[in-house]
Amino acid sequence: MFGAYSQSKLANAMLTAELHRRLAARGSSVRTNVLHPGTVHTDVTRNFSAPIRLAYWLSQPLMRLLEKTPAEGARTTVHVATAPELDCGGRYFVHCAALPLPAGALDVPACERLWELSERLTKKT
């Protein structure tokens, strides 16, 4: 489960990086960035299997110390979307700070292949 989650987050970064490259190549002023909001307390486990929900429930005393509220989790998203000093694209943000993109998002041929696969799977030409 966590491997699939990690892969989906890397795919997010790869597609964002590829979109940024494609827009920049066209001379667009649109900027795209990817971010990680942190661990946010939501009801994301509502559709998980009973054992996973039980484990999550048992971990709640510790998780409450680590998790952000939804408003705190939205802070980086709002910052990246609205901060006038962030006239940048193709960046990765955590806790409102720019960090290096994950290594996979720097692999341009892999990002291009993922983009093309996404187009095929969504029947976009």
*Minimum heavy-atom distance between N33 and G90, given as atom pair plus value*: OD1-N, 3.4 Å
*Does the salt bridge (Lys or Arg N to Asp or Glu O under 4.0 Å) test come out yes or no for E18 and R21, once each step is laid out?*
CA-CA 5 Å; E18 182 61 20; R21 281 190 285 278; 3.3 Å; yes
*Main-chain N/O of V94 paired with T76 side-chain donor or acceptor, under 3.5 Å*: no
*By the rule that ILVMFWY residues connect when side-chain heavy atoms come within less than 4.5 angstrom, directly or transitively, which residues belong alongside L35?*
V80, L86, F93
*asked:* If hydrophobic clusters are built by linking Ile, Leu, Val, Met, Phe, Trp and Tyr wherever their side-chain heavy atoms come under 4.5 Å apart, do V108 and L114 end up in the same one?
replied: no
*Derivation and outcome, side chain to side chain contact (heavy atoms under 4.5 Å, CB included), residues R22 and W115*: CA-CA 11 Å; R22 288 171 182 245; W115 184 277; 3.2 Å; yes
*Got a donor-acceptor contact below 3.5 angstrom from the Q60 side chain to the W57 backbone?*
no
*Any side-chain heavy-atom pair of D107 and P109 under 4.5 Å*: yes
*Side chain T16, main chain N12, donor-acceptor under 3.5 Å*: yes
_Nearest heavy atoms of R53 and R46, plus distance in Å_ = CD-O, 3.9 Å
*Look at the side-chain heavy atoms of Ile, Leu, Val, Met, Phe, Trp and Tyr, link any pair under 4.5 Å apart, and say whether V30 and L19 land in one connected group.*
yes
*What do the steps show when you test H95 against K68 for side chain to side chain contact (heavy atoms under 4.5 Å, CB included), and what is the final call?*
CA-CA 11 Å; H95 303 298; K68 296 177 178 182; 3.2 Å; yes
*Start with the C-alpha distance between L23 and T32, add both sets of side-chain angles, then the distance that settles side chain to side chain contact (heavy atoms under 4.5 Å, CB included), and finish with yes or no.*
CA-CA 9 Å; L23 289 170; T32 64; 3.8 Å; yes
_Quick check: closest heavy atoms across A17 and L101, and the distance to 0.1 Å?_
CB-CD1, 4.4 Å
*Is L15 linked to Y92 within one hydrophobic cluster, defined over Ile, Leu, Val, Met, Phe, Trp and Tyr using a side-chain heavy-atom separation of less than 4.5 Å?*
no
*Sort and list the pairs that fulfil salt bridge (Lys or Arg N to Asp or Glu O under 4.0 Å) and have at least one residue in residues 83-93, not counting sequence neighbours.*
R31-D87
*Would you call E116-R120 a salt bridge at under 4.0 Å N-O?*
no
*What heavy-atom pair brings A105 and C111 nearest, and what distance separates the two atoms?*
O-SG, 3.6 Å
*Please report the closest heavy-atom contact between P61 and L65, naming both atoms and the distance.*
O-CG, 3.8 Å
